[in-house]
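All heavy atoms count here, side chains included; hydrogens, waters and symmetry mates do not. Chain A is the first sequence line, chain B the second, and so forth, proteins listed ahead of strands; every chain is numbered from 1.
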Amino acid sequence: MENRDTGRLTVDQTDYKTRLSRSYAERKPYAPPVPGRICSFIPGTVVEILVSEGDSVSEGDDIVILDAMKMKNRLKSHISGRVAAVNVAPGDRVTKGAVLVEIV
Amino acid sequence: MALEKKIRELKEKREKMLLGGGEEAIGKQKAMGKNTARERIMAILDDGSFNEYDMFVEHDARDFGMDKKHLPSDGVVIGTGTVHGNPVAIFAQDFTVAGGSLGLMHSRKITKIMDHALKMRIPLIGINDSGGARIQEGVNSLAGYGEIFFRNTISSGVIPQISVILGPCAGGAVYSPALTDFVFVVENISKMFITGPEVIKTVLGEEISMEALGGARVHCEVSGNAHFFSMSEDECFSQIKRLISFIPRNNEVRAQVTEVRPPESSYDIDRIVPGDPTLPYDVREVIRAVADSSDFFEIQEMYARNMVIGFGRLGGRTVGFVANQPMEMAGVLDVDSSDKAARFIRYCDAFSIPIITFVDLPGYLPGVDQEHAGVIRHGAKVLYAYSEATVPKLTVILRKAYGGGYIAMSSRHLGADFVFAWPTAEIAVMGPEGAANIIFRKEITTAANPDEVRRQKVEEYKEKFANPYVAASRGYVDAVIEPSETRRLLLHGLEVSENKDVQMPWKKHGIPPF
């Protein structure tokens with residue numbers, strides 16, 4: 001049995017003294033999506049990065065090619081702007097949700 | 001003397017088959033802390049009751065050198081026997097024979113015993129210990145799995161189906177256990193996953209051990225795929241036998257009735273539940289305080305602990321208990337606890353087992369992750385399961401029953417036959433703090449001393465609404481009872497419901513939110 005300290009859970013402004021599940025205690029606060037971030041929607045390997053830092057891009061441009069589940073997936077920009085950062089290099093293995101390229 | 005010779009021949013043939021994959025393979029199996037397929041069957045069934053069929057079945061695959069391979073009994077043992085005198089059908093994959101891999105004849109044996117179980121309306125026990133599909137037999141292996149899944153589904157709700165994972169159970173193979181009613185796992189022995197650590201490493205570069213990915217503990221605590229956890233095969237076998245003692249052999253008969261034994265006197269029902277609705281306690285104590293012999297057989301003990309489910313007996317008859325657990329996550333309904341309760345309610349309904357519900361919950365778990373994980377559709381499963389269940393439904397509201405949680409937990413409105421409330425019950429649209437802050441928002445915010453006014457208003461609300469009498473005045477609660485009257489009233493309620501008959505409108509089947 002795991003050791004879990006007695007915690008508090010608030011429902012409708014009332015604090016209940018109770019044990020908290022591990023998944024609840026370790027939950028991450030919600031972060032709204034940032035449209036300029038090109039993230040891996042699935043774990044995979046970066047094949048090619050089609051932009052460099054400082055480049056201007058338009059909405060719908062291909063930014064990264066990600067090899068995942070036997071497919072070469074084209075990740076497109078959701079916004080028009082400038083490439084502020086390229087966080088990965090071809091050949092990098094990335095987890096789901098990793099920020100590959102940032103556009104502002 | 002020709003007959004004697006033939007009999008001797010038969011004995012020799014049998015002996016050869018009984019050795020399975022041979023002594024070396026058996027040695028390896030033992031070294032892993034595992035019993036052989038036939039030993040496992042014998043351990044579950046009553047002594048001397050096992051009869052094996054299809055012992056001499058062999059594959060006739062030709063490709064990849066299979067024509068030269070001899071696989072005794074094709075790697076699976078099937079038969080019938082009894083558990084506590086109740087007939088059961090059973091199969092056990094034999095890991096010592098080609099890793100228990102599933103080929104065409106292997107699957108034919110399994111489907112044969114499944115058909116038998118369904119036709120005879122007796123429970124099916126399946127012991128899984130297999131490396132997966134026998135790749136050399138190609139699409140025939142896939143056909144085998146599909147035919148097993150089909151039978152699992154057709155038999156669902158007609159005969160009890162029990163899966164025991166005593167080794168690897170990987171890839172498509174996992175879906176047979178997933179379609180059955182109860183899954184038993186053993187620490188360090190059971191391994192279940194769709195894609196194994198190797199594939200995950202090659203494709204995703206993530207390293208994880210088999211145990212951390214799909215071990216017994218993971219499936220009992222995290223995924224909820226398994227229902228019963230044990231530390232050894234022997235412990236697992238006694239759990240299986242105990243389960244069988246509670247459930248009926250098919251959906252047209254009742255579970256075996258035992259002698260009526262009162263709860264143990266050490267459970268003092270008046271002292272279990274604290275009066276302050278924000279304080280925790282173990283609701284299983286309440287269950288033990290009312291159940292025959294204080295005997296409660298909990299299911300999925302380690303998963304979604306905020307909801308407690310399991311079997312017990314009242315007046316010698318099997319009942320299913322469903323209870324919020326205030327000690328864990330305040331007993332809230334959330335994605336996992338809803339799923340857990342709903343499936344159990346449907347199990348009880350399918351097998352004519354009355355449902356006893358103990359209510360004490362503040363409502364649904366608030367949070368973005370819950371909303372995004374679909375607490376709406378998962379929560380709806382509880383409403384659906386209680387509403388469609390036609391078995392006797394008896395509810396006892398112990399303490400809090402707020403808002404949507406009140407409705408969901410087998411309320412009168414969802415068709416409960418009897419609803420009792422303890423004097424500590426608070427049946428209200430929400431907790432006093434939340435309600436007072438909404439109803440008296442203006443008074444509170446415009447007051448010179450808002451905290452003082454808030455306290456007053458909360459007290460006022462508590463006084464008026466945090467009790468069972470408002471609901472009782474509408475007949476939503478049948479009786480407000482003393483805790484010590486609970487067992488007597490439940491026994492009476494079950495007696496009165498013995499011939500309960502509810503006619504549902506004709507339908508092919510409903511469309512539950514799963």
Side-chain angles (χ1 to χ4, degrees), chain A residues 1-35 39-48 64-73 75 87-100, chain B residues 200-206 217 221-222 274 276-282 301-306 324-337 360-373 400 402-403 405 426 428-438 454 458:
Chain A
M1 288 287 140
E2 68 217 84
N3 274 318
R4 289 167 300 144
D5 292 328
T6 291
R8 286 191 176 277
L9 183 71
T10 309
V11 181
D12 289 333
Q13 297 162 44
T14 304
D15 288 341
Y16 295 94
K17 196 175 167 218
T18 189
R19 277 193 219 152
L20 301 177
S21 67
R22 199 185 302 158
S23 59
Y24 184 80
E26 291 169 4
R27 76 194 188 284
K28 291 195 184 93
Y30 173 71
V34 180
C39 298
S40 48
F41 65 100
I42 193 173
T45 306
V46 175
V47 180
E48 199 180 345
V64 175
I65 296 178
L66 180 73
D67 187 340
M69 294 308 285
K70 299 165 187 136
M71 299 270 285
K72 301 244 184 318
N73 304 278
L75 307 188
N87 301 330
V88 286
D92 283 1
R93 269 183 181 167
V94 292
T95 55
K96 183 181 168 180
V99 182
L100 312 178
Chain B
I200 291 183
K201 198 180 163 193
T202 0
V203 177
L204 311 173
E206 292 170 3
R217 216 168 264 280
E221 276 184 19
V222 183
D276 179 347
T278 68
L279 294 183
Y281 64 92
D282 188 351
E301 191 181 337
M302 293 148 81
Y303 178 70
R305 297 171 196 235
N306 35 327
N324 308 115
Q325 174 61 289
M327 186 168 94
E328 302 279 351
M329 294 295 287
V332 289
L333 279 169
D334 60 5
V335 168
D336 290 344
S337 62
D360 189 348
L361 84 165
Y364 290 84
L365 178 62
V368 180
D369 49 344
Q370 281 294 308
E371 299 294 340
H372 287 188
K400 305 173 297 294
Y402 296 153
E426 299 186 3
V429 71
M430 60 167 69
E433 280 78 7
N437 274 316
I438 292 171
R454 180 180 293 117
V458 168

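When the candidates B/N437, B/V222, B/D369 are compared by the number of heavy-atom contacts under 4.5 Å with chain A, B/N437 comes out ahead. When each of A/R93, A/R8, A/K28, A/M69 is scored by its heavy-atom pairs under 4.5 Å with chain B, the top score falls to A/R93. Contacts with chain A were tallied for B/L279, B/T278, B/V368, B/L365; B/T278 has the most, counting heavy-atom pairs under 4.5 Å.
Neither the backbone nor the side chain of B/I438 comes within contact range of chain A; no heavy atom of the residue lies under 4.5 Å from a heavy atom of that chain. Within the 4.5 angstrom heavy-atom criterion, atoms from both the backbone and the side chain of B/P362 approach chain A. For B/V332, the part lying under 4.5 angstrom from a heavy atom of chain A is the side chain only. For B/Y281, no part sits under 4.5 Å from any heavy atom of chain A, backbone or side chain. Contact of B/E206 with chain A is made through the side chain alone, with heavy-atom distances under 4.5 Å. Heavy atoms of A/S23 lying under 4.5 Å from chain B are absent altogether.
Under a 3.5 Å cut-off, the side chain of A/D15 and the backbone N or O of A/Q13 do not form any donor-acceptor pair. Looking at B/N324, its side chain does come within 3.5 Å of a backbone N or O of B/D360 through a donor-acceptor pair.
Inspection of the A/T14 and A/D12 side chains reveals no N or O donor paired with an N or O acceptor under 3.5 Å.
We find the CG-CG distance between B/N306 and A/L9 to be 9.5 Å, quoted to the nearest 0.5 Å.
Note on B/K400 versus B/E426: no salt bridge recorded, every NZ/NE/NH1/NH2 to OD/OE distance being 4.0 Å or above.
Contact record, B/P280 with B/P274: O-CG, 3.7 Å, taken as the closest heavy-atom pair.
The only option from B/H372, B/E371, B/Q370 that meets the side-chain contact (heavy atoms from CB on, under 4.5 Å) definition with B/V335 turns out to be B/Q370.
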